[in-house]
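This report refers to the structure that appears directly beneath it.
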Amino acid sequence: MSDTTEMVVEKTIEHYQVKDGTRLICDEAFTDCSLLNKIRLPYSLSFIGDRAFAGCVKLDEINLPDSLVYIGDGAFDCDSYGVASFWKREHLLDITIPPSIEIINGNPFCFKTIIHCNNERFKVIDNSLYSVDGKVLISCCTPQEVFTVPFGVERIGIGAFRNCPIKKVNLPSTLKVIDKYAFWRASCQKETIVFPESLDEIRDKAFGGLFNSNNGYVTFPSNITRIAEDAFDFEDDIQLIKVPKGRIDHYKSILPEWAIHKLCDEDVIFENGLYLSPDKTELIKVNCDEEDLIIPEGVTKIRDRAFGLCFDSITFPSSLKEFTSAIFDSEPEIYGEDFLMAEQIYVPSGRKRIFMERLPKYQNVIEEI
């Protein structure tokens, strides 16, 4: 008799009884069995793999046997794995963690889960699962729109808030690590999270996916020692990375090279759609909807990749001294090498030659005023 379920189970099944003697349900064995509403697990079972029941939107109760030792990441992520099943669960999944469980890898559950715990290695607070010592938040299954991670939590575990529709998360001053996929595709906004000074590490894809930032920036505390290269969607969502004054060099040493140009002091000024240095002499980033953009007098420097948007016209001030052709942040692989981010560029009288030399691609649209 086989001790492992088949990797692929018929997707149209409604009831299933895993054979006695089976010890392991492998990764994705029942994934997207969207009609499955009842399953019986044998007392021989010791292992349930990653995403084993992901996308089983009609499964609302499952009895885990006392023989079970291991539950994999996303094993009961019944709502948010398959595209066809996304957000369609009508009933909460009721599940009890038996005393035999020794290892829970990542977050096995989706937010539409009622968790009970009969295991001394774990504990449930407000329907969220923690290690028994309270140092690791394993799974957030609360219906609350605002969630406060309890004091004492040192690590937010793998996928703990994955796909969670929570609006705001308050982090404790004890937090040290935000693990991979912790907020993957969570609906809260980056600007609603304040990172505590205790935070040491942010791991792979912790804030990836559909985790958007309306204000276009994220603020870090002083002394994070590691930020994974793909921890955030830096290139897609975040225009600025704000850090405490005097800590730019530190973050240059730990951020990927392509994110470094986004660094600025946290006291950066946002005025008329422009991010400016505190003394308003450096234009760091443009984030406005104006079709005709006028850079104010007093700006002496424009940072590379400051312009990530397209304009009908841009007017540069007479005070401008420092800039390169890299101020325009276009993507030639998408738009083509000849794409212009400004249809017309106006420059001060007597400065046309300088601008033509530094912006050779825009020579034909530069005019003096």
Side-chain angles (χ1 to χ4, degrees), residues 189-191 212-219 233-243 245 248 251-252 255 257-369:
Q189 302 295 309
K190 290 187 181 75
E191 64 269 13
N212 298 314
S213 177
N214 289 337
N215 287 344
Y217 66 84
V218 63
T219 302
D233 288 341
F234 283 126
E235 292 185 299
D236 297 330
D237 294 335
I238 300 176
Q239 298 187 43
L240 291 181
I241 302 169
K242 298 182 180 181
V243 300
K245 192 171 182 64
I248 287 182
Y251 278 94
K252 281 183 178 179
L255 286 171
E257 184 175 353
W258 46 263
I260 289 175
H261 73 277
K262 299 175 183 284
L263 283 167
C264 63
D265 287 335
E266 62 185 352
D267 55 357
V268 64
I269 294 172
F270 185 66
E271 190 173 86
N272 298 323
L274 307 178
Y275 286 103
L276 301 164
S277 60
D279 61 3
K280 299 185 180 181
T281 61
E282 181 182 12
L283 173 59
I284 299 170
K285 195 72 176 178
V286 177
N287 184 25
C288 69
D289 297 326
E290 296 292 333
E291 294 181 354
D292 299 297
L293 178 66
I294 299 176
I295 309 301
E297 283 293 336
V299 170
T300 62
K301 178 180 179 180
I302 298 178
R303 186 178 293 191
D304 288 352
R305 305 187 191 181
F307 299 93
L309 303 170
C310 298
F311 299 91
D312 289 347
S313 70
I314 300 176
T315 301
F316 290 101
S318 60
S319 56
L320 182 61
K321 306 296 181 184
E322 298 180 51
F323 67 98
T324 73
S325 61
I327 60 176
F328 293 109
D329 183 17
S330 63
E331 300 181 49
E333 66 276 8
I334 297 177
Y335 300 108
E337 293 291 342
D338 297 329
F339 179 78
L340 300 181
M341 300 186 70
E343 296 180 11
Q344 192 71 53
I345 290 178
Y346 297 109
V347 302
S349 178
R351 301 284 304 279
K352 183 175 180 178
R353 183 178 61 82
I354 295 174
F355 276 85
M356 290 179 67
E357 290 175 353
R358 296 192 190 180
L359 304 175
K361 184 174 166 181
Y362 292 80
Q363 286 185 358
N364 294 331
V365 298
I366 297 174
E367 290 186 16
E368 291 185 350
I369 54 173

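As the structure is a prediction and not an experimental result, all values here were calculated from the model.
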With heavy-atom distances below 4.5 Å as the criterion, would you say the side chains of Leu263 and Lys252 are in contact?
yes
On a heavy-atom basis, the closest approach of Leu283 and Leu274 is CD1-CB, 3.9 Å
Asp267 to Pro278 - nearest heavy-atom pair and separation
OD1-CG, 3.5 Å
Start with the C-alpha distance between Ser318 and Glu297, add both sets of side-chain angles, then the distance that settles side-chain hydrogen bond (donor to acceptor under 3.5 Å, both in side chains), and finish with yes or no.
CA-CA 7 Å; Ser318 60; Glu297 283 293 336; 3.1 Å; yes
Residue Asn272 excluded, over 12 heavy atoms near CG under 6.0 Å:
no
Reported CD-to-OG1 distance for the pair Glu266 and Thr219, which is rounded to 0.5 angstrom:
7.0 Å
Atom CE of Met341 and atom NZ of Lys361: how far apart are they, to the nearest 0.5 Å?
9.0 Å
Given side-chain contact (heavy atoms from CB on, under 4.5 Å), test Tyr362 with Ser325 step by step and report yes or no.
CA-CA 9 Å; Tyr362 292 80; Ser325 61; over 6 Å; no
Ile294 atom CD1, over 12 foreign heavy atoms within 6.0 Å
no
Can you tell me if CG on Asp279 sees more than 12 non-hydrogen neighbours from other groups inside 6.0 Å?
yes
Within 45° of the axis and under 6.0 Å from the centre of the six-membered ring of Tyr275, does NZ or CZ of Lys285 qualify?
no
Side-chain heavy-atom pair Glu367, Gln344 within 4.5 angstrom cut-off:
yes
Correct closest heavy-atom pair for Ala342 and Ile314 would be CB-CD1, 3.8 Å
Which heavy atom of Gln363 sits nearest to which heavy atom of Met356, and what is that distance?
NE2-O, 3.4 Å
Would you call Glu282-Arg303 a salt bridge at under 4.0 Å N-O?
yes
So, applying side-chain contact (heavy atoms from CB on, under 4.5 Å) with Phe328, which one of Leu359, Asp304, Leu340 is it?
Leu359
Can you check whether Gly350's main-chain N or O pairs, donor with acceptor, with Glu368's side chain at less than 3.5 Å?
yes
For Glu291, is the CD atom crowded, meaning more than 12 foreign heavy atoms sit under 6.0 Å from it?
no
Pick one: which of Val347, Ile345, Ile369, Leu293 meets side-chain contact (heavy atoms from CB on, under 4.5 Å) with Thr315?
Ile369
Is there a salt bridge (charged side-chain N to carboxylate O under 4.0 Å, His left out) between Glu271 and Lys280 once you walk through the steps?
CA-CA 10 Å; Glu271 190 173 86; Lys280 299 185 180 181; 3.0 Å; yes
Between Cys288 and Gly273 the two heavy atoms that sit nearest each other are CB-CA, 3.5 Å
Side-chain contact, heavy-atom cut-off 4.5 Å: Leu320 with Pro348?
no
Quick one, Val268 with Leu276, criterion side-chain contact (heavy atoms from CB on, under 4.5 Å). Give me CA distance, side-chain angles, the key distance, then yes/no.
CA-CA 6 Å; Val268 64; Leu276 301 164; 5.7 Å; no
If you take all heavy atoms of Ser277 and Ile284, which pair is closest and at what distance?
N-CD1, 3.9 Å
Would you call the rings of Phe355 and Phe316 parallel, tilted or perpendicular if under 30° counts as parallel and over 60° as perpendicular?
tilted
Set out, in order, the CA-CA distance, both residues' side-chain angles and the distance that settles side-chain contact (heavy atoms from CB on, under 4.5 Å) for Lys242 and Cys264, then state yes or no.
CA-CA 5 Å; Lys242 298 182 180 181; Cys264 63; 4.0 Å; yes
Measuring from Asp289:CG to Asn287:CG, what's the distance to the nearest 0.5 Å?
7.5 Å
Stepwise side-chain contact (heavy atoms from CB on, under 4.5 Å) test for Phe311 and Glu343
CA-CA 7 Å; Phe311 299 91; Glu343 296 180 11; over 6 Å; no
Rounded distance (nearest 0.5 Å) linking atom NE2 of His261 with atom CG of Leu240
9.0 Å
